[in-house]
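We count residues from 1, following the sequence as given.
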Amino acid sequence: MIDCNGTVILTKLLISLQAREPHTCDSFLHPLISILSQISQKDQKFASKVRLINGVKTFHHFLRTYTYNHNKLLLPNLLIIRTLVLNNATSNILVKDGIVQSLEKILLTIGYSPSLKLRIIMNIYCCLSRSNLFCAIMVKLGHVPLLLEMFRRWDRFDGKMRLRTTSFTLLTLQHICLTKTGRNAIRANNGFAVLYKFCVLCPEDKLYDSLLSRVCAVINMCLERRDLPVPSLYGPYRFNLRNVSSSFQKSDFGSMSEESDSSDEDDEDEELEVENELLDGGSLKKTRRKSSGLHQVPLLYSFREFDQLQIYKKFFEEFYASPTDGSIPTDNSAISRQNSGISIGPPSNKIKSAVNIPFCDKIFTSIQGINCKRSFSSAYCTIANRVNSVNTFVKVAYPDMIGGKGAGLLEPLHSKDRNVCRTKLQSSVERGLNADRYLHNIVYDLDELAAAEVHIRTQDPAEMLCNKDIQKLGVKEPGSTARLRFESRFESGNLRKAIQVGTREYDLILTPDINSTSHHQWFYFEVSNMEANSTYVFNIVNCLKSNSQFNFGMKPLLFSVKEATLGRPGWRRIGTDICYYRNSYRFSNKRKKTYFTATFSFKFPHALDVCYFAYHFPYTYSLLLTQIWKWTCNAPNSSVYIRVDNLCSSLKNNQIPLITVSALDTPDNLLINREVIFLTSRVHPGESNASWVIDGLLEFLVSDSLPAVKLREKYILKIIPMLNVDGVINGCHRCGLTDEDLNRRWINPDPVTHSVIYHAKGLLEFSAHVLKKVPFVYCDFHGHSRRKNVFMYGCSPKESWLEADRESAQETSFEYLVLSHSMQKYCSAFSLPSCHFRVERSRESTARITVWREFGIQRSYTLEASYCGCDQGVYKGYHFDTLHLLEIGANFGVALSTLAEETVKRLDGFDTRMIERLVKETSPGFSNEDGEGSKDEDSDDDLLLDDDEDDDEESHRPES
């Protein structure tokens, strides 16, 4: 019936019945509305179709007219209204048409007795309350007492009816809390007492965990405004961007973040499709909108002229120095553009002349003058003193100075204790209600230290950065109390404030990214002056993500200097009572949201030790340079061609290393005849696991193993192991010094503010358009905060949002799938079902899609490694250690070495059915690139699920 345009036909008939005298068509009305109620549950575009023929108010009319004397019509009418409120546009029409008053009358008519009608009404309330206008009207008409009374009777419902009805009521209250008048109304109607009573009497059954979480969230949101105890949401250190000349203008895609998908845009696309089909008189089937890909979005790439690309010639000296007759183009002829099926953007859209672009000498000086006979620690300290930072540093962190590796142990995931999480939630509520009863002793304040400017780093060798942690072991500082001492003023360190709130309990506040007010996730700090075998509690109170792997088994990391001196060095997973939940600290006036708390407990095994805590295994910029120093000193020169160049300088004038690795040139295997592979990593500073993976790959590349030799002989690898060096140095999580996600700047990067992206893209363009060598593989290494295992994202034109990509896709082009299948073969931690190859509109400005589309690199990937560990394979139930991350990098190298042979083996001579099976083996998964934006775990029984989204099967997001 849906395919036969039944929705439109029956709705038009209903509209015609509305014009007649009331009660003259009752015999037709009941079956007609009953049929439409069933259709509305199946037709995904029901709301848009009804709206386009002006039928929304008709359904509201019948709901309002036949509420009392036609009880049989009430339930099917409510089902239709529920479908209509799932769409933003139709819900707004209903709100303006007075749906609030209608719902109030129905609710008073049917009463609070548990019934299907009551549940559907509360579902409608929940969906409509996403509108601020609806919430304002509800508060004005006095609906808040009705909702609180509904919630107060939660224990009178039974089974699923209790859970669903109560959940809808809570979500409605939570949406109301987003408005100031709503919060005031809940306070004025004794809402705290009603909600807190639930916290006390909540059943122990885990089915009620999500309800308890939402109740605590509503209480926290309704508390009097509670701001973080910091002078500004910006960090204590700022980088002055006024003196940075930039021609950058944000493009449509350049300004998109990981949460930039707009439901409004999707609604507009759907409405246009429905409207066109209605006008054409055709059936409304699920078909893609046929239109030119060029009109779907303005993708404007900045192509560079031949002479502008010549600045990158010096980074490809192996091609020019090779004794071969292969010539490199030297004229100014037009450069052929190889895109994935479509050329997008006007050819005249060119960047400024190269003479105005700041560019550095290619000589990499950061590790010059360091004798290869020096120890690793000595070399690290020397390099660390050459680093330029925005933050003021006072020391070198001990774990980084000795290599920063884990203990090499297979450590199991944490098993969450639901009772502990419940206790933490209730404790958080009590602290919000009775804040004056708790201690508030500030024991570490980076803002105060920065303002005092006591510690100033100089170039005097006597005051160079070093580490004296071993001398501090077992020494109690004169006049020190029993309080812990904190420090984070070292490379990649992040801790802004520590507040003692109990005898051995501390609230910790993280520093935002430089020049930013957000991105709080990465932490790395030092603790000392502790007592042995006493339980300490640490609460990180300004986390921003709505959920965390701390809820699904991940533990924080600890490095003990005392343990290292006893011959047991390395980071270890520690902690008990680990939990992640919403607290009462308000983020800002605009977002109207609260922060989240990550809490854990720990007993220090040694008194007066020096310990370091971290979110994940730190990998600093200085550690990378020290590793490069080690590789260049130890690489077997007889077989390895390795060169380190300075690609460019960061905004803080730190060099960006570009590493070239291959085999030496031979008459039988000339360098100029080899394929090129480009690899990048660490565009997001907090994703240190990406650095460990690419470290493992580089260790593999300079080794003498047979797969490494094979890989070097076949390819020239260009590797940028750390794109965002300024962010890494200053302990940022996602951005650098400009408060911009550099992985959203690949379409049109600015040569000054996004210099590393600009020049990395220039290398790719030089290879593809000047050398005529389209890279065989491009891969960007990332870390993932929401999912477990290792997996990849790729680019399939058949799965692109752009119509032109799908039309130009070749039926037998499946080469992009082979690398992921090879990784499944060689890497125990790799999860093929977690991979996907969709080209999504919101990801167009990422590295993976930009280089695929602009340079025609078919094998363009993002490799994601979990911060946590694995839930499949031989490592199932265990954390990742640096040993495993290094192994993943080596596995990736093995997969690359066999990629050409695997491609031929899997695809040549295969029939269509074999190809289809290869595709089906790769699950569609879901998009959450760069570690953001979606739920990866089963959170139905989770105390800390995202309170802004309803996980109940009866409630959905607004239709899009």
Side-chain angles (χ1 to χ4, degrees), residues 14 17-18 22-23 26 29-30 32-34 36-38 40-41 46-47 50 55-87 90-131 133-154 156-157 161-162 164-173 175-176 182 185 189 950 952 954-956:
L14 194 64
L17 293 177
Q18 180 185 359
H23 310 302
D26 291 352
L29 195 59
H30 181 267
L32 186 58
I33 291 181
S34 298
L36 280 168
S37 69
Q38 297 179 48
S40 67
Q41 309 305 306
F46 180 86
V50 170
V56 178
K57 294 183 179 179
T58 300
F59 290 108
H60 182 210
H61 164 78
F62 285 110
L63 178 68
R64 185 168 46 207
T65 304
Y66 293 92
T67 298
Y68 306 103
N69 54 352
H70 284 74
N71 194 41
K72 292 182 179 180
L73 291 177
L74 181 56
L75 181 58
N77 235 324
L78 287 173
L79 290 171
I80 294 173
I81 294 296
R82 185 181 67 172
T83 302
L84 293 176
V85 298
L86 295 177
N87 180 278
T90 53
S91 63
N92 288 334
I93 294 173
L94 289 169
V95 171
K96 294 177 182 178
D97 197 41
I99 189 72
V100 183
Q101 294 88 336
S102 302
L103 292 175
E104 181 184 17
K105 292 179 181 178
I106 297 172
L107 187 58
L108 293 174
T109 300
I110 65 175
Y112 299 111
S113 300
S115 65
L116 178 60
K117 296 174 186 176
L118 180 63
R119 191 187 74 185
I120 296 175
I121 289 175
M122 298 315 301
N123 193 351
I124 294 172
Y125 265 108
C126 176
C127 295
L128 287 172
S129 63
R130 297 175 187 269
S131 164
L133 176 61
F134 180 81
C135 291
I137 296 174
M138 283 181 63
V139 174
K140 185 176 181 180
L141 296 179
H143 283 214
V144 172
L146 293 176
L147 293 173
L148 289 173
E149 178 63 21
M150 175 72 68
F151 182 74
R152 190 180 66 82
R153 297 168 177 257
W154 66 271
R156 303 186 185 183
F157 303 126
M161 182 68 68
R162 172 189 292 182
R164 292 177 180 175
T165 305
T166 308
S167 179
F168 292 142
T169 307
L170 276 175
L171 276 170
T172 306
L173 289 171
H175 295 154
I176 291 175
N189 288 278
D950 183 25
D952 196 286
E954 290 289 325
S955 180
H956 312 277

Quick check: do [X] and [Y] have side-chain heavy atoms less than 4.5 Å from each other?
| X | Y | result |
| --- | --- | --- |
| I81 | I120 | no |
| L74 | L63 | yes |
| N123 | V85 | no |
| M150 | L107 | yes |

Just by distance, do the side chain of [X] and the backbone of [Y] share a donor-acceptor pair under 3.5 Å?
| X | Y | value |
| --- | --- | --- |
| H175 | L171 | yes |
| T90 | L84 | yes |
| S37 | S34 | yes |
| D97 | I93 | no |

- prompt: How long is the gap from CD1 on I106 to CG on L118, to the nearest 0.5 Å?
  reply: 11.5 Å
message: For the CG atom of N77 and the CD1 atom of I33, what is their distance to the nearest 0.5 Å?
response: 4.5 Å
message: For T58, give me all partners under side chain to side chain contact (heavy atoms under 4.5 Å, CB included), at least two apart in sequence or on another chain.
response: L14, I15, Q18, F62
field: Shortest non-hydrogen separation from V139 to G182 and the atoms involved
entry: CG2-CA, 3.8 Å
- request: Not counting sequence neighbours, list each pair that qualifies as a salt bridge (charged side-chain N to carboxylate O under 4.0 Å, His left out) and has a residue in residues 142-151.
  value: E149-R152, E149-R153
